[in-house]
Amino acid sequence: MPGDTAPHVVEDLLGIVQILSDGSVVRGDESVLGPKEPFPDVPGVEWKDVLYHAAHGLRVRVYRPASASSVAGGAKLPVLVYFHGGGYCLGSFAQPTFHASCLRAAAELPAVVLSVQYRLAPEHRLPAAIEDGAAFLSWLRGQAELGAGAEPWLAESADFARTFISGVSAGANLAHHLTVQVATARLPVSPVRVVGYVLLSAFFGGAERTASEADTTTDVSLPVEICEQLWHMSLPVGASRDHPVANPFGPESPSLAPVELPPALVVAPLGDVLRVRVLGYEARLKDMGKDVELVEFEGQQHGFSVLQPFGEAADELMRVLRRFVYQCDTPAVR
């Protein structure tokens, strides 16, 4: 008809996610952001995908050491719930970077690692991803209640009384919010016991730029402009970066002071443009008397644990993570 125009691009994220003028979203091939060469395999780990949310078609990738399946009645392993990164707009539990990190964690901790798929923005704006994470923990609770009738690998190998919630980048943001929900009893998970949480290169935001975000002269893996665009495309339409999902200490965010959080491991790469926010998160929790351990990685970039999952820094991170997991027996969050 006269005057009709075809939909045109109104927002473009790295040429991979485009919002069109009619509100539709076009996605390209994310593999262009991935590794140029395949990562080496990690021997001795088996994995499979399991559906946890039929209505949304969401899956969890279950990893365990192969040896865990060969010893009947053997000691069960801690459970590491893992949420991938991507600014809530990109990423997949199946991408090689996240897959390699989970293979290593399963082998080297050792642990049952559960890498969770969740819906992405802008098709599904926040809090959709957090709702999916909560649905997963409810599914996990159901598995724990089933005992021997649970998904076979979990029934055989998972010690639900030693569960950790973790994530990288946006996945770390997600891990924070889910841990708070569990700790405030908004999300009941017993007989699962969350005994710790791990934030790797956490993706937080705020309306005002921090000193590290204001310094745009350095070459970083995640520029501040991309951070701000990711929040613009993932938060509810019209929300600022002081929204409680982005900024846990923002003007509208509930206080964490009365919340009995489990021990936290906060990993801060000091080459990250978001480092001031990550360091501030640890400092605020410590001021509240929370049990929080900060580990800094000098010269490392945002997401180093997945960008170079077999690098020296990732090796050290695995040692740090193993120590944290095996020292966190109490307190527990129910």
Side-chain angles (χ1 to χ4, degrees), residues 42-84 93-94 98-99 101-118 130-167 171 174-175 178-179 181-183 185-198 262-263 321-322 324-334:
V42 176
V45 177
E46 55 189 7
W47 59 271
K48 65 178 176 180
D49 294 342
V50 176
L51 186 70
Y52 79 86
H53 197 309
H56 293 148
L58 298 174
R59 297 171 291 162
V60 55
R61 183 159 290 184
V62 182
Y63 301 80
R64 68 172 180 175
S67 58
S69 63
S70 62
V71 182
K76 294 188 176 183
L77 298 172
V79 175
L80 182 72
V81 177
Y82 180 88
F83 293 97
H84 68 78
F93 73 133
F98 306 115
H99 181 63
S101 295
C102 291
L103 286 170
R104 287 201 65 180
E108 297 177 38
L109 295 183
V112 173
V113 178
L114 305 177
S115 184
V116 184
Q117 181 183 23
Y118 55 88
I130 297 172
E131 292 169 351
D132 293 343
F136 172 76
L137 291 179
S138 295
W139 176 87
L140 192 64
R141 173 191 180 187
Q143 294 296 306
E145 290 173 339
L146 287 172
E151 196 289 322
W153 286 12
L154 297 180
E156 293 167 2
S157 305
D159 182 355
F160 295 107
R162 290 188 293 158
T163 295
F164 296 80
I165 302 176
S166 72
L174 181 48
L178 291 176
T179 302
Q181 285 192 28
V182 173
R186 288 161 50 203
L187 178 59
V189 296
S190 181
V192 172
R193 297 172 63 240
V194 176
V195 297
Y197 72 111
V198 180
L321 186 57
R322 176 185 172 90
F324 178 76
V325 165
Y326 282 91
Q327 75 184 14
C328 281
D329 292 325
T330 55
V333 177
R334 296 183 181 276

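As a basis for the values below, the full set of heavy atoms in this structure was taken, side chains included, without hydrogen atoms, waters or symmetry mates. All figures in this text were calculated on a predicted structure; none of them were measured in a lab.
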When rounded to the nearest 0.5 angstrom, what distance separates [atom1] in [X] from [atom2] in [Y]?
X      : Y      : atom1 : atom2 : answer
Glu145 : Ser190 : CD    : OG    : 8.0 Å
Leu103 : Phe98  : CG    : CZ    : 13.5 Å
Asp49  : Phe93  : CG    : CZ    : 4.5 Å
Leu137 : Asp132 : CG    : CG    : 11.5 Å
Leu51  : His56  : CG    : NE2   : 11.5 Å
Leu178 : Glu131 : CG    : CD    : 11.0 Å

Apply side chain to side chain contact (heavy atoms under 4.5 Å, CB included) to residues Leu109 and Leu321 and explain how you reach the verdict. CA-CA 7 Å; Leu109 295 183; Leu321 186 57; 3.9 Å; yes
What's the shortest heavy-atom distance between Ser101 and Tyr82, and which atoms?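 Heavy-atom minimum between the residues: CB-OH, 4.3 Å.
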Over all atoms of both residues, closest heavy-atom pair of Pro110 and Tyr326: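 Of all heavy-atom pairs spanning Pro110 and Tyr326, the closest is O-OH, 2.8 Å.
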Looking at Val198, Leu174, Val113, which hits side chain to side chain contact (heavy atoms under 4.5 Å, CB included) with Ser166?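 Filter result, single survivor: Val198.
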When you compare the side chain of Tyr197 with that of Pro263, does any pair of heavy atoms fall below 4.5 Å?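 When only atoms from C-beta onward are counted, Tyr197 and Pro263 do not touch, as no gap falls below 4.5 Å.
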Does [X] reach the main-chain N or O of [Y] with its side chain, forming a donor-acceptor pair under 3.5 Å?
X      : Y      : result
Lys76  : Ala155 : yes
Arg141 : Val189 : no
Ser157 : Leu154 : no

Angle class for the Tyr52/Phe136 ring planes (parallel below 30°, perpendicular above 60°, tilted otherwise)?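 Taking Phe136 first and then Tyr52, their aromatic rings stand perpendicular (interplane angle over 60°).
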Parallel, tilted or perpendicular, as decided by the 30° and 60° cut-offs, for the rings of Trp47 and His99: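 His99 vs Trp47 ring planes: perpendicular.
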Measure centre to centre between the rings of His84 and Tyr118, then say whether the value is under 6.0 Å.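 When the ring centroids of His84 and Tyr118 are compared, they turn out to be within the sub-6.0 Å range.
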Given the rule in the side chain to side chain contact (heavy atoms under 4.5 Å, CB included) test, do Val325 and Val195 qualify, once you have shown the distances and angles that lead to the verdict? CA-CA 9 Å; Val325 165; Val195 297; over 6 Å; no
Mind running side chain to side chain contact (heavy atoms under 4.5 Å, CB included) on Arg59 and Val50 for me, showing each step along the way? CA-CA 5 Å; Arg59 297 171 291 162; Val50 176; over 6 Å; no
Please determine whether a side-chain nitrogen of the Lys or Arg among Arg64 and Glu156 lies less than 4.0 Å from a carboxylate oxygen of the Asp or Glu.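 Salt bridge flag = yes for Glu156 with Arg64.
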Checking Arg322 against Glu108 for the salt bridge (charged side-chain N to carboxylate O under 4.0 Å, His left out) test, could you report, in this order, the C-alpha distance in whole Å, the side-chain angles of both residues, the deciding distance, and whether it holds? CA-CA 7 Å; Arg322 176 185 172 90; Glu108 297 177 38; over 6 Å; no
Evaluate Phe164 against Val79 for side chain to side chain contact (heavy atoms under 4.5 Å, CB included), listing each step before the verdict. CA-CA 6 Å; Phe164 296 80; Val79 175; over 6 Å; no
